[in-house]
Amino acid sequence: MARAMFEYTKTVLQKVSFDSTLFCKEVQKALERLLPYEIEELKIYIQSLVQQNPKLDQCLIYINP
């Protein structure tokens with residue numbers, strides 16, 4: 001079940017990546033819901049999305065304390 005939430009989160013982030021405000025909100029939600037090891041995987045995934053879409057870099061403050 002937890003893995004399903006991680007995959008769902010990745011799908012949602014991909015779909016809202018056109019809008020940095022929505023993307024940041026979804027990142028915040030994901031950080032509240034996912035398990036610690038999933039958050040580490042999510043950080044890697046988000047960094048790859050930011051490389052593809054640099055306007056999302058403002059959301060990195062949530063994953064890099």
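Just so it is clear, the model here is predicted, and its values are computed rather than measured.
Lys15 NZ to Phe23 CZ: the interatomic distance, rounded to the nearest 0.5 Å, is 14.5 Å. Note: Leu42 CG to Tyr37 OH = 12.5 Å, rounded to the nearest 0.5 Å. Rounding to the nearest 0.5 Å places CG of Asp19 at 9.0 Å from CG of Leu56. The CD1 atom of Ile44 sits 12.5 Å away from the CD1 atom of Ile39 when rounded to the nearest 0.5 Å. Distance SG/Cys24 to CD1/Ile61: 7.0 Å, rounded to 0.5 Å. With rounding to the nearest 0.5 angstrom, the CZ atom of Arg3 is 9.5 Å from the CG atom of Leu34.
Nearest heavy atoms, Leu60 versus Gln47: CD2-CG, 4.3 Å. Here the closest non-hydrogen pair linking Leu13 and Glu26 is CD2-CB, 3.6 Å. Closest approach of Glu38 to Phe6, counting heavy atoms only: O-CE1, 3.5 Å. Residues Cys59 and Ser20 share a closest heavy-atom pair of SG-O, 3.6 Å.
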- Task: Would you please test Tyr45 and Thr9 for side-chain contact (heavy atoms from CB on, under 4.5 Å) and show each step?
- Result: CA-CA 11 Å; Tyr45 179 73; Thr9 299; over 6 Å; no
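When the shell of 6.0 Å around NZ of Lys25 is examined, it contains 12 or fewer heavy atoms from other residues, nucleotides or ligands. The number of heavy-atom neighbours closer than 6.0 Å to CZ of Phe18, taken from other residues, nucleotides and ligands shown, is above 12.
Checked for salt-bridge contact, Lys43 and Glu40 meet the test: a charged N lies under 4.0 Å from a carboxylate O.
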